[in-house]
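Notes to accompany the following structure.
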Amino acid sequence: MIKILNYNEIDNQDIFIRSTSTPNVQDVVTEIIANVRANGDKALKEYCLKFDKADLDTLLVSQEEIDEAFEIVGEKFTTILKKAAANITKFHEKQVRNSFIINDTKGVVMGQKVIPVDAAGLYVPGGTAAYPSTVLMDSIPAKIAGVKEVVMVTPPSANGKVNPVILAAAKIAGVDKIFKVGGAQAIAALAYGTESIPKVDKIVGPGNAFVAEAKKQVFGQVSIDMIAGPSEILVVADGKTNPKYCAADLLSQAEHDKMASAVLVTDSMELAKAVSDELERQIPLLDRAEIARTSIDTNGKIIVADTLDVVIEIANEIAPEHLELCVDNPFDYLDSIRHAGSIFMGRNCPEALGDYFAGPNHTLPTGGTAKFSSPLSVDDFVKKTQYTYFTREALAEVAYDVEFFAKQEGLTGHAKSAVIRLEDE
C-alpha cells in the first residue's frame with residue numbers, strides 16, 4: 001500500500017531522497033565495448049545469439065521487413081502513428097534556431113552558425129514492452145534539425161524479427177537505417193562503428209542499466225542525450241480532484257518499472273486517503289499489476305501539506321520528470337513551477353497524452369535533474385559554430401586593449417599577437 005506522509009511530521013529525506021539502487025555493470029559493459037571495437041559485426045551477432053537468442057545473418061532490417069510490419073500493424077494504428085507524428089513535428093518545428101550575424105561596428109562582423117550533427121543514433125528498448133512512441137519522439141527532432149543520417153538500433157526477438165510497431169514508427173518518422181542489435185553492444189557499435197553500423201555523433205534514447213552505463217562510457221567519443229533513470233510522475237492535486245483520476249495517473253508511470261516513482265502531493269488528507277483506496281482497487285486490474293504493485297509499495301508516496309503554496313515548493317524540490325497540475329486555474333501556478341521535465345495542466349490532461357500524442361517530447365530528465373536539464377529537443381541535434389571578422393582598421397581600435405588584458409593574465413604571446421600587425425606600420 002502507498003505511504004501517506006504528513007509534510008510537517010517527517011524528515012526531508014523521506015520526501016526528497018530517491019532510491020538509487022542499480023546493479024554494478026561497469027566491468028561487464030567495459031568488456032562488451034572492447035569486444036565490439038575489436039571484432040565489429042562478429043561480436044554483435046554473437047551477443048544477439050547470447051542475449052536475444054537470435055541467430056542473424058545480417059543486422060540490417062530490410063525494406064521487405066518494414067513493408068511486412070505495416071501490414072501487420074494495420075491501418076488504424078498506422079493512422080494514429082501519423083497523427084502523433086504530425087503533432088510532434090508541429091511542436092518541434094517551433095524549436096528550430098536560426099543563425100545570426102552582428103555587423104553594427106564598422107569593420108567588425110561576428111556571427112553564429114547553427115549546424116546539425118552529421119549522424120544520430122537512436123536506441124529503442126526491446127524486452128517487456130515495445131515503445132514506438134520513443135521512435136517518434138527521438139527521431140523526429142533529429143530530422144527537423146537537419147541530421148542527414150538517423151540510425152536506429154533495437155534488439156530483435158528470438159525469431160530474428162523486430163517488433164512491427166517499432167518498424168512502422170521508424171518508417172513514419174523518417175529513420176534512415178534500422179539494425180537488429182540491443183544492449184551495451186548496440187551503444188558501442190553506434191559510438192565506434194562496425195562493418196555494418198555507421199559511427200554516429202550523437203546517441204539518444206532510454207535503456208536498461210547496461211545501456212545507461214554504456215552511454216556513460218562512450219560519452220566524449222560521441223555526445224549523448226542524458227542518462228535516464230526510472231520513470232517518475234508527481235501529481236499536484238487539490239481536494240476537488242477526482243481520486244480515480246489521480247490513482248490512474250499515478251499508475252500510468254508505476255506500471256513502467258518496479259523502480260518507477262509515483263508521487264501525489266496535495267493539501268487534502270481526504271483526497272490522500274481516497275487515492276490510496278483507489279490505487280488498491282485499480283492495481284489488480286492492470287495487465288502489469290505486479291510491476292505497478294512493487295513500484296507503488298516501494299517508491300510510491302502521498303505527501304500532505306497545509307497549503308497549495310507549500311505543495312508547489314515540494315514539487316520544485318523533487319523536480320520530477322512528469323508533473324501534473326490537477327488544480328483550478330492551473331495557469332495561475334505555471335510560473336511558480338521552476339523544476340519539471342514536462343508539465344500537464346488541469347484535471348483533463350493525463351501524462352499519457354504527453355507520452356504518445358500531444359506533441360511535446362517525452363524523453364525527459366529524471367532523478368531531480370530537471371533542476372538543470374531539459375527535455376530532448378531539436379537543440380540536441382545541432383551544434384553552434386562562431387565566427388569573427390575584423391578589418392585592419394577595426395583591429396587598430398582595440399589591439400592595445402587586448403594587449404593590456406592579455407598581460408594581466410601573464411600571456412605575453414597573446415599580447416604580442418594582438419599588436420604585431422600594427423607594428424608593421
Which heavy atom in Q112 sits nearest to a heavy atom in S99, and how many Å separate them? O-CB, 3.1 Å
From CG (L308) to CG (D267), nearest 0.5 Å: 4.0 Å
Which heavy atom of V135 sits nearest to which heavy atom of V175, and what is that distance? CG1-CG2, 4.4 Å
Applying the side-chain contact (heavy atoms from CB on, under 4.5 Å) criterion to V73, which one of V165, L81, N163 satisfies it? V165
Interatomic distance, CG@L250 vs CG@L264, rounded to 0.5 Å, equals 6.0 Å
Answer whether the closest heavy-atom distance between the side chains of E324 and M345 falls below 4.5 Å. no
Should we say atom OH of Y387 is surrounded by more than 12 heavy atoms from elsewhere, each under 6.0 Å from it? yes
With a 4.0 Å cut-off on N to O distance, would you call R347 and D328 a salt bridge? yes
If we count only N and O atoms by modelled type, under 3.5 Å, do the side chains of D309 and T307 hold a donor and an acceptor together? no
Under 3.5 Å, is there a donor-acceptor pair linking the side chains of T241 and D238? yes
What closest approach, in Å, do H362 and G354 show between heavy atoms, and which atom pair accounts for it? CB-O, 3.6 Å
Does the side chain of I187 reach to within under 4.5 Å of the side chain of Y123, using non-hydrogen atoms? yes
In Å and rounded to the nearest 0.5 Å, what is the NZ to CG distance from K177 to L122? 15.0 Å
Flag if over 12 foreign heavy atoms under 6.0 Å of CD, Q63: yes
Just by distance, no angles: are the side chains of T30 and Q217 close enough, under 3.5 Å, to form a donor-acceptor pair? yes
Could you check whether E317 pairs with K371 (Lys NZ or Arg NE/NH1/NH2 to Asp/Glu carboxylate O, under 4.0 Å)? yes
What pairs of donor and acceptor atoms, side-chain ones from residues 43-50 against any protein atom, are under 3.5 angstrom apart with sequence neighbours left out?
{"residue": "K45", "atom": "NZ", "partner": "D57", "partner atom": "O", "Å": "2.8"}
{"residue": "E46", "atom": "OE2", "partner": "K42", "partner atom": "NZ", "Å": "2.8"}
{"residue": "Y47", "atom": "OH", "partner": "N35", "partner atom": "ND2", "Å": "3.0"}

So K180 and E65, salt bridge (charged side-chain N to carboxylate O under 4.0 Å, His left out) or not? Walk me through it. CA-CA 12 Å; K180 304 173 186 178; E65 289 174 293; 2.7 Å; yes
For the CD atom on Q386, are there more than 12 heavy atoms of other groups (residues, nucleotides or ligands in this structure) within a distance under 6.0 Å? no
Non-hydrogen atoms of V147 and A120 that approach each other most closely: CG1-N, 3.7 Å
Is any side-chain N of the basic residue among E280 and R293 closer than 4.0 Å to the acidic one's carboxylate O? yes
With distance as the sole criterion, is a donor-acceptor pair present between the side chains of S196 and D41 under 3.5 Å? yes
Taking atom types as modelled, is there a side-chain donor on Q253 or E232 under 3.5 Å from an acceptor on the other? no
The side-chain hydrogen bond (donor to acceptor under 3.5 Å, both in side chains) partners of N242 (sequence neighbours excluded) come to none
Counting only heavy atoms not in D287 (residues, nucleotides, ligands), do more than 12 fall under 6.0 Å from its CG? no
Distance in Å, L190 CG paired with Q185 CD, rounded so as to fall on 0.5 Å steps: 11.0 Å
Between C326 and V235, which heavy-atom pair has the shortest distance, and what is it? SG-CG1, 4.0 Å
Check this for me, if you would: do D176 and K143 make a salt bridge, where the nitrogen-to-carboxylate-oxygen distance has to be below 4.0 angstrom? yes
Under a 3.5 Å threshold, yes or no: a donor from one side chain and an acceptor from the other, between D138 and T363? yes
Is it the case that more than 12 heavy atoms not belonging to F51 sit under 6.0 Å from its CZ atom? yes
Are the charged groups of K202 and D225 less than 4.0 angstrom apart, N to O? no
Please round to the nearest 0.5 Å and tell me the distance separating atom CG of D306 and atom CG of N6. 7.0 Å
